Amino acid sequence: DTGVSQDPRHKITKRGQNVTFRCDPISEHNRLYWYRQTLGQGPEFLTYFQNEAQLEKSRLLSDRFSAERPKGSFSTLEIQRTEQGDSAMYLCASSLELTGGGNYGYTFGSGTRLTVV
Amino acid sequence: DAKTTQPPSMDCAEGRAANLPCNHSTISGNEYVYWYRQIHSQGPQYIIHGLKNNETNEMASLIITEDRKSSTLILPHATLRDTAVYYCIVRTLSGYSTLTFGKGTMLLVSP
């Protein structure tokens, strides 16, 4: 396993277009997270999945954003009608959450850098 | 999750120890201290975590004060590749908590 993979690495899109990013987590990890990071800031939590169930969504995740993890493996993050303010690095992470608690760290991908022009 | 306070930047000479402080005065009894770092254009990387005892692994050491209100991440022999933003995060291991990042400390290791 080579870690968390994200595709594409870079995306330039025109304002108003839809974009979709993909994340392939570490195979044995049951949790998958999406974060957004703008220049000079730490990553901001967007949403996470436990297997295929989306358990939490940040208020940052507007109606234009939707995330799926259909079979509990890879995940997609779609942004509809992109705006210039959506320009950011979108990071995916995965972790193994043990029954009864216990999490030994997230593994992050290298991110997808979105530029909306 | 409790908030943390870190200096915005620090400098360190190559080969010397880098000691990165973090204040977490409102930490709860069941919250762990996690450290991550982010090298430019990469995703954050897990370094170490602890509850109340000092911890050491191949990357770093974590020293947590007895009252748990602060901690220090120690890179014993900093290299140029350790130049990164270092994030100190406190969180529980409960099922529904997630990592909340602040702005971190930008560590610059110089020759």
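Lettering follows sequence order; numbering is per chain, from 1. Model, not experiment: these values are computed from the prediction.
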*Asks:* Hey, is the main chain of Leu99(B) close enough, under 3.5 Å, to the side chain of Tyr35(A) for a donor-acceptor pair?
*Replies:* yes
*Asks:* What do the steps show when you test Tyr46(B) against Thr107(A) for side chain to side chain contact (heavy atoms under 4.5 Å, CB included), and what is the final call?
*Replies:* CA-CA 7 Å; Tyr46(B) 167 81; Thr107(A) 302; over 6 Å; no
*Asks:* Within a strict 4.5 Å, meaning less than it, do heavy atoms of the Phe45(A) and Thr100(B) side chains meet?
*Replies:* no
*Asks:* How many angstroms lie between CG in Leu46(A) and OG1 in Thr98(B), if you round to the nearest 0.5 Å?
*Replies:* 10.5 Å
*Asks:* Going from CZ on Phe101(B) to CD on Gln41(A), what distance comes out if it is rounded to the nearest 0.5 angstrom?
*Replies:* 13.5 Å
*Asks:* Using a cut-off of under 4.5 Å for heavy-atom pairs, which of Pro44(B), Gly43(B), Gly102(B) has the most such pairs with chain A?
*Replies:* Pro44(B)
*Asks:* Chain B heavy atoms under 4.5 Å from Glu44(A): which part of the residue, side chain, backbone, both or neither?
*Replies:* neither
*Asks:* CD of Gln80(A): more than 12 outside heavy atoms within 6.0 angstrom?
*Replies:* yes
*Asks:* Counting only heavy atoms from other residues, nucleotides and ligands, does the tally under 6.0 Å from CG of Leu39(A) exceed 12?
*Replies:* no
*Asks:* Near Arg113(A) CZ, under 6.0 Å, is it more than 12 heavy atoms from other residues, nucleotides or ligands?
*Replies:* no
*Asks:* In Å and rounded to the nearest 0.5 Å, what is the CD to CG distance from Gln42(B) to Leu91(A)?
*Replies:* 11.0 Å
*Asks:* Taking everything shown except Ile12(A) itself, do over 12 heavy atoms lie less than 6.0 Å from its CD1?
*Replies:* no
*Asks:* If you count every heavy atom of other residues, nucleotides or ligands that lies below 6.0 Å from Asp63(A) atom CG, does the total exceed 12?
*Replies:* no
*Asks:* Should we count CZ of Arg64(A) as having more than 12 external heavy atoms under 6.0 Å?
*Replies:* yes
